[in-house]
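Reminder, nothing fancy here: chain letters follow the sequence lines and each chain counts from 1.
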Amino acid sequence: MLTLHCPYCGVNADETELDAGGEAHIKRHGPGSDDNQFHDYLFTRENPKGVHLERWRHAAGCGKWFHAARCTATLEVFGTYPAQVYEPPQDIKDAISAKRPGWSWREFE
Amino acid sequence: MKHYSAFAVAREALRYHTGWERAWRSPEPKKRYDVIIVGAGGHGLATAYYLGKNYGIQNVAIIEKGWLGGGNTGRNTTIIRSNYLQDPSAAIYEKARSLYEGLSQDLNYNVMFSPRGVMMLAQTQHEIRGYQRTAHANALQGVKTEWITPERVKELVPIINLDGPRYPVLGALWQERGGTARHDAVAWGYARACSAMGMDIIQQCEVTGVRSENGHVVGVDTTKGAIDCDKLGMVVAGHSGQLAEMAGFRLPLEGIALQALVSEPIKPCMDVVVMANTVHGYMSQSDKGEMVIGGGTDGFNNYTQRGSFHHAEETVRALVETFPMISRLKMLRQWGGIVDMTGDRSPLISKTPLGGCFINGGWGTGGFKAIPGSGWGMAQLMATGHSPLTEAFSLDRFKEGRFIDESVAAGVAH
Ligand SMILES: Cc1cc2nc3c(=O)[nH]c(=O)nc-3n(C[C@H](O)[C@H](O)[C@H](O)COP(=O)(O)OP(=O)(O)OC[C@H]3O[C@@H](n4cnc5c(N)ncnc54)[C@H](O)[C@@H]3O)c2cc1C
Ligand SMILES: [Zn+2]
């Protein structure tokens with residue numbers, strides 16, 4: 001069973017305590033954006049076989065949203081971090097790079 | 001290809017079964033094909049078969065990274081039905097269901113289609129209204145389904161508990177000509193027929209790149225070298241995103257794990273398929289006597305073909321309430337497959353931004369039942385550039401807001 005560390009309440013939470021919220025760091029384009037941007041925001045997903053940055057909610061715990069960096073091919077967890085950021089913090093990027101040298105995901109690496 | 005028949009069985013019995021030949025050839029790839037299909041699951045093989053049968057396009061290779069039928073086609077719980085709400089879905093699933101009726105004869109291969117009836121239980125007021133609406137829609141679409149009462153449910157499924165404490169059975173949507181088929185046999189039957197037409201099925205060969213010139217596909221790179229083609233069909237279910245990336249575009253879909261399990265074999269006790277979508281579980285009995293059980297998907301992106309214990313537990317818990325007699329059954333096997341879920345939970349059968357490159361995917365949790373119809377439509381699209389069966393399922397529907405709002409592939413309903 002998947003276990004994720006909640007960065008707010010510090011609990012190592014089981015999958016049964018968590019709600020998966022899908023891909024993270026999706027950019028919502030503002031007024032004046034074109035159809036393609038809105039289409040991508042709503043529907044297009046990275047769907048990588050490998051490093052995935054995603055949103056989770058500690059539903060049966062503190063109730064807050066956070067981010068996780070995880071590998072979809074091995075289910076390995078690289079780390080979790082708070083929701084109030086546009087991209088993963090440096091320590092998470094380093095943790096991923098240590099295990100997956102040369103990885104890249106959208107504009108992050 | 002030697003014809004299978006009762007006579008052939010008798011003849012072989014008399015000579016110790018020494019005369020059977022391999023069902024399909026395993027050739028080395030040629031340098032060039034008119035059409036390459038990536039993925040030898042049911043949908044890829046059926047596409048190749050109807051390209052040959054309906055359009056005479058037989059210089060075709062089907063390239064498979066593992067073994068044919070080893071993806072979701074060999075991992076599903078084989079429910080076949082066509083009782084969908086929206087017209088485009090009803091059309092393609094009913095086309096598929098009706099092709100299943102004659103598929104064994106058509107392929108000269110017993111796919112064990114068993115139209116034993118599929119029952120979808122209504123266990124809330126909301127479901128009653130939903131299924132009655134579907135039954136009316138089906139009447140207009142020419143798909144035979146009916147709304148049945150709890151008494152009729154009990155008649156058809158004596159082992160069911162109608163008055164479960166939380167979710168009593170309030171009625172059901174019943175499709176008498178729905179049922180099951182042998183999943184491997186569907187893949188094997190199409191493979192044998194494709195091979196007999198001279199098509200090459202190349203197993204243990206992974207496509208690693210898509211080559212194009214001036215916006216048009218010209219071939220693929222594989223672990224057995226480069227192979228040229230005029231047209232390319234990507235039919236790789238959970239790996240659609242990877243293939244699209246090789247071809248330079250992205251897709252509105254994500255892969256997640258769906259799992260199933262089977263019990264020890266027991267004597268015949270249930271001769272229809274029962275689905276209970278409110279409590280997230282469904283069950284049928286295989287010809288071997290095992291109870292075949294499926295439930296919900298994991299909620300997160302996943303490429304490991306296994307499930308998680310707590311989902312199996314949830315499913316079994318729900319089914320024990322509905323069928324109390326299964327409470328002491330031992331479970332024998334559990335497995336998972338990676339299902340490709342689109343934004344509106346309906347499939348993609350479409351041209352792509354790359355010329356000559358077509359995609360068939362996004363069947364999610366419910367594409368086994370669609371294999372013959374999907375192959376039929378995809379072959380028409382690839383051969384002629386247009387198919388009435390598939391046009392509603394094009395990629396641009398998301399941008400245009402033409403969703404096929406149907407939980408065709410939603411978490412549990414197969
Ligand atoms: C547990 C479970 C239960 C299900 N129950 C039902 C059900 O009851 N009824 C129903 O209708 N549907 C059901 N489904 C869904 C159904 O199984 C699928 O929709 C259907 O089998 C998809 O067929 P396919 O041919 O598209 O994909 P697959 O059978 O997965 O075939 C795709 C093939 O592509 C190959 N491939 C991938 N990448 C590459 C590459 N780079 N190079 C070469 N080959 C590649 C794979 O190895 C695979 O063999 C279920 C699915 C699961 C997992
Ligand atoms: Zn928490």
Side-chain angles (χ1 to χ4, degrees), chain A residues 1-4 13-27 29 33-60 65-78 80 96 100 103-107, chain B residues 65 206 208 236-246 249-257 259 296-314 317 336 338-346 348 352-353 361-362 364 395-403 411:
Chain A
M1 186 180 297
L2 192 65
T3 310
L4 295 177
D14 269 1
E15 198 183 322
T16 50
E17 269 182 59
L18 301 164
D19 278 349
E23 185 175 317
H25 308 302
I26 296 174
K27 186 163 165 49
H29 297 271
S33 55
D34 64 25
D35 282 359
N36 289 328
Q37 287 171 321
F38 203 58
H39 168 264
D40 287 351
Y41 163 68
L42 285 173
F43 299 109
T44 309
R45 295 295 175 261
E46 293 295 323
N47 192 28
K49 187 172 184 173
V51 176
H52 193 239
L53 305 174
E54 56 196 16
R55 286 156 31 98
W56 287 85
R57 196 168 81 88
H58 192 188
W65 284 99
F66 63 91
H67 285 142
R70 204 174 51 84
C71 176
T72 61
T74 62
L75 301 190
E76 193 175 354
V77 179
F78 304 111
T80 55
I96 303 173
R100 300 282 185 280
W103 73 287
S104 77
W105 196 83
R106 250 194 254 142
E107 63 271 33
Chain B
K65 76 177 159 85
E206 182 166 353
T208 53
V236 294
H239 285 81
S240 299
Q242 269 72 53
L243 263 292
E245 199 183 320
M246 294 175 201
F249 55 92
R250 297 200 302 164
L251 292 173
L253 59 78
E254 296 188 280
I256 56 178
Q259 63 179 319
T297 50
D298 284 349
F300 52 87
N301 295 53
N302 191 347
Y303 277 91
T304 65
Q305 290 171 309
R306 52 180 190 235
S308 44
F309 184 73
H310 73 275
H311 276 294
E313 194 183 7
E314 267 167 31
R317 198 193 300 142
I338 301 310
V339 295
D340 39 341
M341 309 290 270
T342 62
D344 64 358
R345 301 294 184 254
S346 284
L348 296 169
T352 69
L395 251 177
D396 51 16
R397 73 172 182 271
F398 294 98
K399 200 179 300 174
E400 294 171 5
R402 285 185 291 108
F403 308 123

Q: Let me know if Phe309(B) has heavy atoms under 4.5 Å from chain A in its side chain, its backbone, both or neither.
A: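 The answer is neither part of Phe309(B).
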Q. Which bit of Gln242(B) comes within less than 4.5 Å of chain A, counting heavy atoms only: side chain, backbone, both or neither?
A. side chain
Residues 13-22 of chain A, side-chain donor-acceptor partners within the protein, below 3.5 Å, at least two apart:
unit_1, atom_1, unit_2, atom_2, d
Glu15(A), OE1, Leu2(A), N, 3.2
Glu15(A), OE2, His310(B), NE2, 3.4
Glu17(A), OE1, His58(A), NE2, 2.8

Would you give the length of the straight line joining atom [atom1] of [X] to atom [atom2] of [Y], rounded to the nearest 0.5 angstrom?
X	Y	atom1	atom2	result
Leu253(B)	Thr44(A)	CG	OG1	9.5 Å
Arg306(B)	Leu75(A)	CZ	CG	5.0 Å
Asp344(B)	Phe43(A)	CG	CZ	7.5 Å

Q) Between Asn301(B) and Arg70(A), which heavy-atom pair has the shortest distance, and what is it? A)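 Asn301(B) and Arg70(A) have their closest heavy atoms at O-NH2, 2.6 Å.
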Q.
Going by side-chain hydrogen bond (donor to acceptor under 3.5 Å, both in side chains), name the residues that satisfy it together with His39(A), two or more places apart in sequence or in a different chain.
A.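 Testing His39(A) for side-chain hydrogen bond (donor to acceptor under 3.5 Å, both in side chains), a comparison that skips the adjacent residues, returns none.
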Q: Name all residues meeting the side-chain hydrogen bond (donor to acceptor under 3.5 Å, both in side chains) criterion together with Thr304(B); count only those two or more places apart in sequence or in a different chain, and write none if there are none.
A: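 Expected list: Asn302(B).
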Q.
At under 4.5 Å between heavy atoms, what parts of residues 45-53 of chain A are in contact with chain B? List them by residue number.
A.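 Within residues 45-53 of chain A, the residues under 4.5 Å from chain B are Arg45(A), Glu46(A), Asn47(A), Pro48(A), Lys49(A), His52(A).
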